Amino acid sequence: MSESTKVAVLGAGTMGHGIAQVCAAAGFTVHVSDPSEAARARGLEGVRASLDRMVGKAKMTAAQRDEVLGRIAWGGDLGAAVEDAGVVIEAVPERIELKRDLLQRVDALAPDSALLGSNTSSLSITELGSTLRDASRLVGLHFFNPVPVMELLEVVRGVRTSEATIDRALAFAARLPKTPIVVRDMPGFATSRLGVALGAEAIRMLEQGVASAEDIDRAMELGYRHPMGPLRLTDLVGLDVRLAILDHLHREVGEQFRAPPLLRQMVRAGKLGKKSGEGFYKW
Ligand code: CAA
């Protein structure tokens with residue numbers, strides 16, 4: 001995977017723009033595709049803010065920031081984004097039909113040699129690949145928020161994912177650089193399954209009045225050295241994202257993943273966490 005490899009990132013949201021940033025910082029040419037102009041503008045602002053923060057901490061120079069920004073193109077045309085791409089990563093909302101339809105379009109438009117990655121946090125890679133001409137080139141490439149900071153890349157092997165695709169995914173991780181783990185295509189993989197279990201239990205504890213949101217978070221921050229408590233983390237990830245994962249795991253794994261009513265109610269009220277300005281905390 002050479003520096004001239006073009007990476008297409010589909011979706012300019014929280015994960016998409018973070019993925020675009022780390023790919024551009026690693027020297028890749030990046031094209032972010034999102035049909036919403038407003039989402040593209042927010043994505044660009046997100047990348048700029050993150051890079052400015054790094055310049056402020058002397059982790060990069062202003063000139064390097066401008067180079068990284070200059071390597072990312074933003075547009076609404078899927079064909080233009082995936083044309084000549086060596087790697088395509090979809091990072092659109094966590095709905096199977098949305099991701100499957102998009103990947104099917106990519107399958108027709110991207111070069112046959114392109115590696116196809118899905119940033120899904122819980123959906124089946126095998127199912128996402130079921131309608132592709134060649135499912136052997138699809139792999140889960142699961143990043144973590146904030147993408148520029150988090151070290152892990154969870155690489156998910158679908159039933160049809162080839163060994164060569166896993167090798168390419170590992171080489172890609174090394175270039176970013178991220179530390180990969182390879183997991184089987186089971187609902188919630190390794191990270192989301194454990195992450196939402198803790199988050200959901202914290203919400204149930206809040207419902208039961210065990211302690212305040214702040215103190216439930218402090219329990220894990222000070223008692224277990226988590227960098228951030230489970231409720232604040234749910235705000236960071238997005239309550240809607242966590243609810244979608246829980247509903248999926250509830251269907252696929254069982255009762256222990258039934259979403260707490262409080263979470264569903266908050267999502268219905270538009271309290272989605274940091275991105276909407278309010279979740280378990282005000283932002
Ligand atoms: N861009 C660039 N740098 C950033 C950044 C960003 N968006 N966010 C934080 N940083 C940098 C800061 O500048 C700071 O740098 P220095 O160490 O050089 O000072 C460093 O990261 C730490 O940040 P802060 O000092 O602001 O605050 P912190 O120490 O509390 O760390 C945090 C913030 C990194 C977010 C930390 O709280 C943390 O690790 N939280 C847990 C995050 C987590 O669990 N993410 C996974 C969520 S699950 C997911 O994403 C997957 C899914 O499928 C839903």
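The basis for the numbers below is simple: all heavy atoms, side chains too, and nothing from hydrogens, waters or symmetry mates. When a ligand or atom number is given, it counts from 1 through the structure's own listing order. If you're wondering where the values come from, they're calculated on a predicted model, not measured in any experiment.
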Considering only non-hydrogen protein atoms, determine which one is nearest to [atom] and report residue, atom name and distance to 0.1 Å.
{"atom": "atom 33 (C) of ligand 1", "result": "Met228 CE, 5.0 Å"}
{"atom": "atom 51 (C) of ligand 1", "result": "Phe144 CD2, 3.4 Å"}
{"atom": "atom 43 (C) of ligand 1", "result": "Leu233 CD1, 3.4 Å"}
{"atom": "atom 27 (O) of ligand 1", "result": "Arg53 NH2, 4.8 Å"}
{"atom": "atom 25 (O) of ligand 1", "result": "Lys57 NZ, 4.6 Å"}
{"atom": "atom 46 (C) of ligand 1", "result": "Asn145 O, 3.5 Å"}
{"atom": "atom 10 (N) of ligand 1", "result": "Val149 CG2, 3.4 Å"}
{"atom": "atom 36 (C) of ligand 1", "result": "Pro227 CB, 4.0 Å"}

So which atom in [X] and which in [Y] form the shortest heavy-atom distance, rounded to 0.1 Å?
{"X": "Val139", "Y": "Val156", "value": "CG2-O, 3.3 Å"}
{"X": "Pro111", "Y": "Ala85", "value": "CG-O, 3.5 Å"}
{"X": "Ser276", "Y": "Gly270", "value": "OG-O, 3.2 Å"}

Once salt bridge (Lys or Arg N to Asp or Glu O under 4.0 Å) is applied, what residue pairs with a partner in residues 128-156 remain, sequence neighbours excluded?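 Applying salt bridge (Lys or Arg N to Asp or Glu O under 4.0 Å) to every pair that reaches into residues 128-156, excluding sequence neighbours, yields Asp107-Arg133, Asp107-Arg137, Asp112-Arg133.
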
Any idea which part of Thr191 is under 4.0 Å from ligand 1, heavy-atom wise: side chain, backbone, both or neither?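 For Thr191, there is no contact with ligand 1 at all, from either part.
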
Where does Arg242 meet ligand 1, judged by heavy-atom distances below 4.0 Å: at the side chain, the backbone, both, or neither?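 For Arg242, there is no contact with ligand 1 at all, from either part.
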
Would you say [atom] has a protein heavy atom nearer than 4.0 Å?
{"atom": "atom 39 (O) of ligand 1", "answer": "yes"}
{"atom": "atom 54 (C) of ligand 1", "answer": "yes"}
{"atom": "atom 20 (C) of ligand 1", "answer": "no"}

Polar atom proximity, His142 to ligand 1 (N or O, under 3.5 Å):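 Yes.
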
Salt bridge flag under 4.0 Å for residues Glu255 and Arg258: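 Salt bridge flag = yes for Arg258 with Glu255.
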
With a 4.0 Å cut-off on N to O distance, would you call Arg48 and Glu45 a salt bridge?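 Between Glu45 and Arg48 there is a salt bridge, with a charged N closer than 4.0 Å to a carboxylate O.
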
Proximity flag Lys59 to ligand 1, non-hydrogen atoms under 4.0 Å: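 Yes.
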
Find all atoms of ligand 1 within a distance of less than 4.0 Å from any non-hydrogen atom belonging to [X], and give their numbers and elements.
{"X": "Val237", "result": "47 (C), 48 (S), 54 (C)"}
{"X": "Pro146", "result": "7 (N), 8 (N), 35 (C)"}
{"X": "Met54", "result": "2 (C)"}

Check the pair Asp34, Trp74 against side chain to side chain contact (heavy atoms under 4.5 Å, CB included), reporting the backbone distance first and the verdict last. CA-CA 8 Å; Asp34 195 305; Trp74 304 80; over 6 Å; no

Applying salt bridge (Lys or Arg N to Asp or Glu O under 4.0 Å), can you list everything that pairs with Asp215, at least two apart in sequence or on another chain?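 With neighbours one apart ignored, the set is Arg218.
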
